[in-house]
There are 2 protein chains.
Amino acid sequence: MPDDAPKKPSRIQLKNRKKILDAALEVFSSHGFRGATLDQIAEAAGLSKPNLLYYFDGKEDIHRTLLNGLLDVWLAPLKEMDPSGDPLEELMGYIHRKLEMSWEMPRESRLFAGEVIQGAPRMEADLQSGLKPLFDAKCDVIRGWADAGLLAPVNPAHLLMSIWAVTQHYADFEAQVGVLTGPAPRAEARAHVDKMFRSLLSP
Amino acid sequence: MPDDAPKKPSRIQLKNRKKILDAALEVFSSHGFRGATLDQIAEAAGLSKPNLLYYFDGKEDIHRTLLNGLLDVWLAPLKEMDPSGDPLEELMGYIHRKLEMSWEMPRESRLFAGEVIQGAPRMEADLQSGLKPLFDAKCDVIRGWADAGLLAPVNPAHLLMSIWAVTQHYADFEAQVGVLTGPAPRAEARAHVDKMFRSLLSP
DNA sequence: CAAAAATTTGACCAGTTGGTAAACGATTGC
DNA sequence: GCAATCGTTTACCAACTGGTCAAATTTTTG
């Protein structure tokens, strides 16, 4: 018999865990792990601090849960890239989906970025087990496309990293983008990114 | 008579301030402002904590001094871009210099990135006064080149941001790059970045 | 060298922070 | 209806952190 009984969570547990994770996303993404305090998260969640710790084992637990759930969301667009589709349009579709995510989920992007910048101390395992295999698989797909002459010859790994760099930049460096461009850079960004990668990838 | 006598710093002051700033760069860049402690910085600098505070007014003072000095270094390559040179080669030269900086000065890059990700709370003024004017000026230069047909038509602001995004990615996301690519991605990165921007910019 | 100035240190402090214990309320299953 | 479980709060603490201060030590200067 398994000694870790799953004990299906009650409605109230589901609701409060969700509230906590949402509050934690807000706070962690704008102050970093160390910069965030349980009091801040508790207040943002509308709960008391000891109440937080009734639902999670501690600050690290909240953070880890958040990052873990995030990785799936974050990689979903890449998973959708279809090896049997039209190469250029599959890649451009991925790029636009990723760019859209940066506008729609900047907190998630910054949480991720902050963690990686600091050496991913609480995420190394997830990167190895979650990100690496998918990354390698998609690199193979892209290499296949390029070898078949359906794309310009390109280094798949560095292509993917460039895509992440450019698209996530709009979320992660929002403070800088805001200072440097007008209030509505979204359409311009879309056009620019489209042109940049299309010119690189067109065979 | 000016009441804030400059009082030229002694050899010992110069040396220790340098040691402190170097230690602070190490610690701040890998733990963020809030995550860094004065004790950590003091230990890395080989000084006692009260001794740190003899040279700087406090944690914020150290951080601000660091960021302030950094912005100049960071923008130097952009300043070097010569409006009267060959457009494509000036831009590609800038790109390669910026990429080189990411490999040579990853701590500086991460310090900057961490600050901007968290909304640049201690840097807004510097961005407005130091970065914005240079950015606008160089955008005008690039626009001029493009209008003259010496470059492919391109959005100057988003071009510059793309350059930053791609080049700094190798420093800021080093932990991720390390997991995903082999141990020597430097030459590959160079080739990829060159190809990407050359294909975008060639008229 | 001796006085003055600069530098360094040890002891200390007040505020913050992650986390705990136990009592108190609310739900739920029977 | 009522006991048992679940959920919440109050009061609290030990560790850490940024910062102070006066004394001690070293360096510079006349």
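Below, read A as the first sequence line, B as the second, and so on, with proteins coming before strands; counting in each chain starts at 1. Note that the coordinates shown come from a computational prediction; the quantities given were computed from them, not determined experimentally.
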Euclidean distance, atom OH of residue Y55(A) to atom P of dG18(C) [Å, nearest integer]: 20 Å
Per R34(A) side chain, nearest of listed nucleotides dT17(D), dT8(D), dG18(C): dT17(D)
Nearest-Å distance for atom pair NE2/P, residues H63(B) and dG19(D): 13 Å
Trace of the side-chain contact (heavy atoms from CB on, under 4.5 Å) decision for Y94(B) with E80(B): CA-CA 8 Å; Y94(B) 170 57; E80(B) 287 176 33; over 6 Å; no
N/O (side chain, S48(B)) to phosphate O (OP1/OP2, dT9(C)) under 4.0 Å: yes
Phosphate-side-chain proximity, Y54(A) and dT8(D), N/O vs OP1/OP2 below 4.0 Å: no
Minimum-distance nucleotide to T37(A) side chain [options: dG19(D), dT17(C), dG19(C)]: dT17(C)
Sugar-phosphate, base or nothing in reach of F56(B), heavy atoms under 4.0 Å: nothing
For S102(A) against A171(A), the heavy-atom pair lying closest together: O-CB, 3.4 Å
Selection from dT20(D), dG18(C), dT8(C) that lies nearest to any side-chain heavy atom of L53(B): dT20(D)
N16(A) side-chain N/O to dT8(D) phosphate OP1/OP2 under 4.0 Å: yes
Separation of atom NE2 in H31(A) from atom P in dT17(C), rounded to whole Å: 11 Å
Short side-chain N/O contact to dT7(C) OP1/OP2 from Q13(B), under 4.0 Å: yes
Lys/Arg-Asp/Glu bridge criterion (N-O < 4.0 Å) met for E104(A), R97(A): no
Distance, rounded to the nearest Å, where E43(A) contributes CD and dG18(C) contributes P: 14 Å
Worked check of side-chain contact (heavy atoms from CB on, under 4.5 Å) between R107(B) and L111(B): CA-CA 6 Å; R107(B) 299 179 308 175; L111(B) 176 69; over 6 Å; no
Protein-nucleotide distance (L38(A), atom CG; dT20(C), atom P), rounded to Å: 11 Å
Proximal nucleotide (of dG19(C), dT17(D), dA11(D)) relative to the P50(A) side chain: dA11(D)
K19(B) and D22(B) ion-paired at < 4.0 Å: no
Contact nearer the 5' end of DNA chain D, comparing G35(B) with D57(B): G35(B)
Rounded distance (Å) that lies between atom P of dG18(C) and atom CG of D61(A): 14 Å
N51(B) side chain near dT7(C) phosphate (N/O to OP1/OP2, under 4.0 Å): no
K49(A)/D39(A) ion pair, N-O < 4.0 Å: yes
Whole-Å distance separating the CD1 atom of I41(A) from the P atom of dG19(C): 10 Å
Atom pair distance, as rounded to whole Å: NZ in K49(B) and P in dT17(D): 8 Å
Donor-acceptor pair (no angle test) under 3.5 Å: K59(B) side chain, dG19(D) base: no
Sugar-phosphate only, base, or nothing, as touched by A36(A) at under 4.0 Å among non-hydrogen atoms: sugar-phosphate
